[in-house]
Amino acid sequence: MLLNLPYHVLLALRNQYSSPESLRKWQEKRLKHMVEHAYTNTQFYHQKFREAGIRPEDIQELSDLQKIPVISKREVREQGAGSLVARGYNERNCEVHYTSGSSGTMLRILYDSENHQYETAVSYRYHLGQGVRPWHRYYLILHDERELQDSRKRKFLYQKLGVPGDLPDEQKITLAQQYNPHVIGGHLSSLISMGRIMEAQGISDVRPKILIVGGELSLPVHREYVERVFGGKTYDKYGAFEVKSIAWECQHRSMHIDADSVLVEFLKDGEPAAPGERGEVVVTNLWNMAMPFIRYRLGDIGVPSVKSCTCGRTLPVMEIIEGRLDDFIVLPSGTLIPPGAIVPLFLAVPQVDQFRVIQDRKDSVKVQIRPGREYTDIVEQELIQKLRETLGEPVHIDVERVESIEQTARGKSRAVMSNVNVDLSRL
Ligand SMILES: [Zn+2]
């Protein structure tokens, strides 16, 4: 099945240096093909296009994409994910993946074999771009059973050790000491959690060169911490199971978008956000014929950029992912406070062991704290005062001391969770 992999790898490596003009032509060609295919072969898009009064031939250029209605995860769930699967594709001729959403319902995603190959090639591309080499040992913390199984069979570019995310930290550390990896990959929170134990026990023989982090909000303060404890350099990556890799950080510290496999839009209240402005991330996969995702809202907030990178790659660059929509605190005035403004306040207080900020109403937030040693009422009062200043509007703050704070789906750590709807015009 993977016979064409070398071809796809060469193609992906070449595409990262395409001129903007040839990249645009590539995208338009694939987009037209995808739209035609989705309209003809899926129940979901056929109905969607008819309701919107558009036909595939209305989509000729990238700017025509805006004629297609944006779709959401909820809509996909309501209609049934099966209605996105194109005629002729099924579990027997596709790779299958199950994603769990924050609501707990599963989404079954099918990837056809050509898409799977190109995605494999794209992952080679970003790993090479981050300094991973064929002789490297790659220690990868995974929270997904399917990915764990895959990590055991595939060894194309590097040797890989898949480590279950739910293994206790002490065992993860022992495995890392035995394996002596050049590269460690995982959620930033997994690495921080291992790092704390390594620091406390004076363990200094886990020294990877490269730390690939993803799946969570990536804050400089967290990255600096793991770089200090592990000694390597961190590289960010951004993706989603629905479309696989979306963007990744090169050695020159730019987040390059995999624009030859996924179109990424940043929308502010339905309109494209200007460079440097916040927008909701909406993606269109250009490869997966088995299950097209066209203008699909991921629920993340990112910032587009027009910068070019000194590494020479022409793949467009984005700024940062500031978190999920529901990671933002919504103030009574409608102003949004990103999680990146809240989290460092708590991290700066060593007496706080773990924390989470939860918002259910615009005028109040609840702070859960697992107190560490020397946590006192005075420490708490100072922390609340700082939080109050950061929010800058009258918001009631409740503190609850708890014994533990649970991780969310797939071992992700979320420090801020808001259940208040965001007014997208205020992004
Ligand atoms: Zn670059």
Side-chain angles (χ1 to χ4, degrees), residues 8-27 30 62 118-134 136 138 157-158 182-186 188 208-220 222-224 226-227 230 232-240 243-266 272-279 281 283-287 298 300-322 340:
H8 284 110
V9 170
L10 289 173
L11 196 59
L13 292 176
R14 192 201 67 184
N15 279 352
Q16 63 184 338
Y17 298 106
S18 289
S19 70
E21 179 62 15
S22 48
L23 177 63
R24 187 181 56 77
K25 280 191 183 147
W26 164 285
Q27 291 171 323
R30 295 204 74 94
L62 290 182
Y118 199 70
E119 277 303 332
T120 307
V122 163
S123 83
Y124 280 10
R125 172 167 79 191
Y126 76 70
H127 281 123
L128 284 168
Q130 291 171 332
V132 182
R133 296 293 173 259
H136 282 170
Y138 189 174
L157 183 64
Y158 28 67
H182 301 85
V183 187
I184 293 187
L188 209 37
K209 285 189 172 68
I210 298 165
L211 296 145
I212 301 176
V213 295
E216 288 175 338
L217 184 64
S218 168
L219 293 176
H222 283 145
R223 292 177 61 163
E224 282 157 19
V226 300
E227 287 185 352
F230 288 89
K233 252 179 117 176
T234 54
Y235 294 99
D236 214 350
K237 75 178 169 76
Y238 173 49
V243 292
K244 299 283 188 89
S245 181
I246 298 171
W248 49 279
E249 196 175 20
C250 73
Q251 288 179 308
H252 292 237
R253 294 273 175 251
S254 296
M255 281 295 272
H256 288 282
I257 296 173
D258 291 306
D260 53 340
S261 65
V262 61
L263 297 179
V264 181
E265 297 172 86
F266 299 88
E277 257 186 3
R278 271 185 201 137
V281 179
V283 290
T284 300
N285 185 297
L286 295 175
W287 281 85
L298 285 177
D300 294 322
I301 300 297
V303 178
S305 169
V306 285
K307 286 179 195 152
S308 55
C309 181
T310 47
C311 76
R313 289 180 184 85
T314 46
L315 289 174
V317 165
M318 59 178 281
E319 287 188 12
I320 43 166
I321 287 295
E322 285 197 288

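Start at 1 and go down the list; that is how both ligands and their atoms are numbered. Keep in mind it's a predicted model, so treat the numbers as computed, not measured.
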Given a cut-off of 2.8 Å, the protein N, O or S atoms lying below it from the Zn ion (ligand 1) are Cys250 SG, His256 NE2, Cys309 SG, Cys311 SG
Separation between CD1 (Ile184) and OG1 (Thr234), nearest 0.5 Å, reads 12.5 Å
Identify all side-chain donor-acceptor contacts of residues 309-321 below 3.5 Å with residues at least two apart in sequence or on another chain.
| from | atom 1 | to | atom 2 | distance (Å) |
| --- | --- | --- | --- | --- |
| Thr310 | OG1 | His252 | ND1 | 2.8 |
| Arg313 | NE | Gln16 | OE1 | 2.7 |
| Thr314 | OG1 | Gln16 | O | 3.2 |
| Thr314 | OG1 | Ser18 | N | 3.2 |
| Thr314 | OG1 | Ser18 | O | 2.4 |

Within the 3.5 Å criterion, strictly below it, is a donor on Asp260 or Tyr118 matched to an acceptor on the partner's side chain?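 Yes, side-chain donor-acceptor contact under 3.5 Å.
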State whether Arg125 and Asp258 are salt-bridged, where the test is any N-O pair (Lys NZ or Arg NE/NH1/NH2 against Asp/Glu carboxylate O) under 4.0 Å. yes
Of all heavy-atom pairs between Ser261 and Glu119, which one has the smallest distance, and what is that distance?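 Scanning both residues completely, I find the closest heavy atoms to be OG-OE2, 3.9 Å.
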Exactly one of Val262, Val243, Leu263, Leu62 should register a side-chain contact (heavy atoms from CB on, under 4.5 Å) with Thr284. Which one does? Leu263
